[in-house]
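Structure first, then comments.
Only this structure's heavy atoms are used, side chains among them; waters, hydrogens and symmetry mates stay out. Labels below follow one simple rule: chain letters A, B, ... track the order of the sequence lines, proteins then strands, and each chain is numbered from 1.
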Protein chains: 2
Amino acid sequence: MSNRSQAIADILTRAILDHRLVPGCKLGERELSEVFDVSRIVIRQSLIRLADDGLAQIERNRGAFVARPSMQDAMEIYDALTLVEQGVAAQLSDRLGPAGWAELRQHVERQRKAVASGNDALADVLGQEFHTVFVRLSRNKVMQEIHAQLVRRTTLLRSLITADFDYCNLLDDHAKLIELLEKGRLKPAMELIDAHHRSVVRGYIMDRQVFPELTPREALEPYLDGKAGEPPKPAPRKKAGENGGARTHTHVHVVK
Amino acid sequence: MSNRSQAIADILTRAILDHRLVPGCKLGERELSEVFDVSRIVIRQSLIRLADDGLAQIERNRGAFVARPSMQDAMEIYDALTLVEQGVAAQLSDRLGPAGWAELRQHVERQRKAVASGNDALADVLGQEFHTVFVRLSRNKVMQEIHAQLVRRTTLLRSLITADFDYCNLLDDHAKLIELLEKGRLKPAMELIDAHHRSVVRGYIMDRQVFPELTPREALEPYLDGKAGEPPKPAPRKKAGENGGARTHTHVHVVK
DNA sequence: TTCTTATTGATTGATATCCAATCCTGTGTT
DNA sequence: AACACAGGATTGGATATCAATCAATAAGAA
């Protein structure tokens, strides 16, 4: 019953990251205010939050739209992400204790089990979380927030991408990264991070016109449980027929 | 006549960075709405922007206050800043062309002249700008924004600090950094950045209760030119009698 | 027909007023 | 002195309203 605008901003963020609201989609104040059953002012505040986070773009007297990053933006975001993760890697290789390395290994192990048991959805989530855990071990909330924001923007980027991915050696990458860092082999570790992100961004192909398949009303419907808590994460699937290979995942490798 | 909330957020940011609004200072909606002659809602939106930027803190049903970062926050902010600047340094040492190095040298030269001519205020500004120019040369707007936000927060930190500074070898640091990077001596350069920030944060002494010397109304008065453009940067001076040595500057060295 | 211009509609930016929830404070009681 | 309660003040939000601007359509001229 409080901070409605923050709660709604969170829901919108979730919907964007789930690719239910695609880049370029109009976020009309009136429509959203009806969807969420709040006044326009609350929606406006939510949209301001989204814009500050880089997920929405507000054009004067034209309204808010889901951000549509350019190819240039994509490269810059991945550059920044690489820079941050390399920096964190350097810190961790110096400062992380055995418990930290153990936590990372354990995380990889959980993901390995998920993959082995064919639970792709869980493997996806764990793969995403690896980087978050990685940065959290730096024990720096400021860095965590910066990193989280960058990750959100990469997730948004994935709405714009048409490419065939495979799920080959993600775990190997993570495991190898841990191994290199723990041994203090910083340079190869940083090159691994860089190569990883580079290969991802190289595979990006921007579709210039992304057409909103769902209206905001349709897209947001699963998140509205009559003002109750979170919905149990609805399937963000698009039409399974076409680009079924382009699932959402932080760690994607491009088929060359 | 547009985007009032953003404009007001900018003014408030400026006032905070000028230390006219000190940490802990209450930012009452009614008071600010009277100061700026807008409705409370516009002020609310401005405060949301400030909070998203880490410069204000909104407590439910209690209002907004200028953020009062803890010592822990200070260390984390400087850690993040170090990480970012080190990363940018690494990128620049690889990628920056002669024109870029020339621009950096030219900037240092301008600051040197300002110092030589006793223009401390200008030297301050140029010293702050050096880091901004440095990051801008990475040609990455995302990194620029992240860095700018971190710099804003360090500036806020300086409101909380009681320490004696001197202006010794700031230029030497900058010049040395350029020299090391251009020669590809990355490691010493990164250590220089780290040492610089470390020495700064070590000198921090938190005053737990900072009392607002100026009411927001008084503090903001110089920025209001009857809705006209920017005021010509009013002197952010506190009372000159007491801690006159603790001027605002990005590059401060602690007297051991 | 086609291009240019004008009108109209829709949407945003912003204000004023009102109400509920909550916090702070001051006072009174035990 | 400690506690409880009531009242004031402030924030969070709803609603209604107006102005400014954009977009799309309709009207008119070449």
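- A salt bridge is defined here as a Lys NZ or Arg NE, NH1 or NH2 lying under 4.0 Å from an Asp or Glu carboxylate O, and B/Arg152 with B/Glu145 meets this definition.
- Among the nucleotides D/dT21, D/dT10, C/dT15, the one closest to any side-chain atom of B/Arg30 is D/dT10.
- If you find the closest nucleotide of DNA chain D to A/Val42 and to A/Asn61, the one lying nearer the 5' end belongs to A/Val42.
- The side chain of B/Glu29 approaches D/dT11 more closely than any other nucleotide in the set D/dT11, C/dA21, D/dA14.
- At whole-Å resolution of the value, CD in B/Gln6 and P in C/dT12 are 18 Å apart.
- Across the protein-nucleic acid pair, A/Arg40 atom CZ and C/dA10 atom P stand 14 Å apart, rounded to whole Å.
- In this entry the distance linking CG of A/Leu47 with P of C/dT12 reads 9 Å, nearest Å.
- The listed nucleotides are D/dA14, D/dG13, C/dG13; the one nearest the side chain of A/Arg60 is C/dG13.
- The interatomic distance linking A/Glu31 (CD) with C/dT11 (P) rounds to 9 Å, in whole Å.
- Look at B/Arg136 and B/Glu129 and you find no salt bridge, because none of the NZ, NE, NH1 or NH2 atoms lies under 4.0 Å from a carboxylate O.
- At a threshold of 4.0 Å, the pair B/Arg40-B/Glu29 counts as salt-bridged, since one of the basic side-chain nitrogens sits closer than that to a carboxylate oxygen.
- For B/Arg44, whose side chain is taken as the heavy atoms from C-beta onward, the closest listed nucleotide among D/dG13, C/dG13, D/dT10 is D/dG13.
- As judged by a 4.0 angstrom heavy-atom cut-off over every strand, B/Ile58 is placed among residues touching the sugar-phosphate backbone only.
- Here the straight-line distance linking atom CD of B/Gln111 with atom CZ of B/Phe130 works out to 8.5 Å at 0.5 Å rounding.
- Atom P of nucleotide D/dT11 and atom CD1 of A/Ile41 are separated by 16 Å, given to the nearest angstrom.
- Residue A/Ile43 contributes atom CD1, which lies 13 Å from atom C1' of D/dA14 at whole-angstrom precision.
- The base of C/dG13 lies outside donor-acceptor range of the side chain of A/Arg62, with no N or O pair under 3.5 Å.
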